[in-house]
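Just the heavy atoms: all of them, side chains too, but no hydrogens, waters or symmetry mates, feed the values below.
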Amino acid sequence: MKTIKISPNYIGYFFRCLIPLYTINDPEQEELSELNFENRSSIRRLANEYLIPCYQRLSISDQFRIKESLRYAMNFWSDEILHTQYTYGIPPEILTKKFLMKIWDDMFNGEDIFINDASNYKIIDFKYP
């Protein structure tokens, strides 16, 4: 099996798609700021209305690396590692494995997150483009 390249920075890169919602004069800005990220229906709305469309606009390669980084994060990274990623619009104290699991379930229809062999993954030093 080919080594899967992942990075906690891919998670930050993915959530960067929320930046336009926080720019001046953006009509959707108020909507997103009113979401309660501890509320399940708000997380579902975040995924369906903002994250999934953003994800679908990325290249297949970026989609794969983001998805696999999320999968790896939920298996092996601590919440502290996740908190180091500035994820635009998501407060760092909310970005936890529990939060990501809810995002995962909404984005990937509850697809299994279990990783059989961690040696198939390689953590790289990814920098945002």
* Any chance you could lay out the ring pair (Phe, Tyr, Trp, His ring centres under 6.0 Å) test for Tyr55 and Tyr50, step after step, and finish with the verdict? => CA-CA 9 Å; Tyr55 181 79; Tyr50 302 102; over 10 Å; no

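- Smallest separation of non-hydrogen atoms from Ala47 and Ile103: CB-CD1, 4.4 Å.
- Residue pairs that meet the side-chain hydrogen bond (donor to acceptor under 3.5 Å, both in side chains) test with at least one member in residues 103-116, sequence neighbours left out, are Arg40-Asp106, Lys67-Glu111, Arg71-Glu111.
- Enclosure of atom NZ in Lys102 by more than 12 non-hydrogen atoms of other residues, nucleotides or ligands within 6.0 angstrom is indicated.
- Between Ile6 atom CD1 and Ile11 atom CD1 the span is 8.5 Å, to the nearest 0.5 Å.
- Gln63 places a side-chain N or O within donor-acceptor distance of the main-chain N or O of Leu58, the cut-off being under 3.5 Å.
- Rounded to the nearest 0.5 angstrom, Ile43 CD1 and Met101 CE are separated by 12.5 Å.
- Atom CZ of Arg44 is separated from atom CG of Leu51 by 13.5 Å, given to the nearest 0.5 angstrom.
- Ring planes of Phe15 and Phe99: tilted class, angle from 30 to 60°.
- Interatomic distance, CG of Leu100 versus CG of Asp79, reported as 8.5 Å (0.5 Å rounding).
- We find the SG-CD distance between Cys54 and Glu49 to be 14.0 Å, quoted to the nearest 0.5 Å.
- When side chains are defined from C-beta on, Thr3 does not count as touching Asn120, because their heavy atoms never get closer than 4.5 Å.
- Under the 4.5 Å side-chain criterion, counting only non-hydrogen atoms from C-beta, Ile4 is not in contact with Tyr72.
- Defined by atom type and a distance below 3.5 Å, a donor-acceptor pair is missing between the side-chain atoms of Tyr10 and Asp62.
- Between the Lys97 side chain and the Trp77 main chain, a donor and an acceptor come within less than 3.5 Å of each other.
- Checking side-chain atoms of Asn75 against main-chain N and O of Ile113 turns up a donor-acceptor pair under 3.5 Å.
- Within the model, atoms CD1 of Ile66 and OG of Ser61 stand 9.5 Å from one another, a figure rounded to the nearest 0.5 Å.
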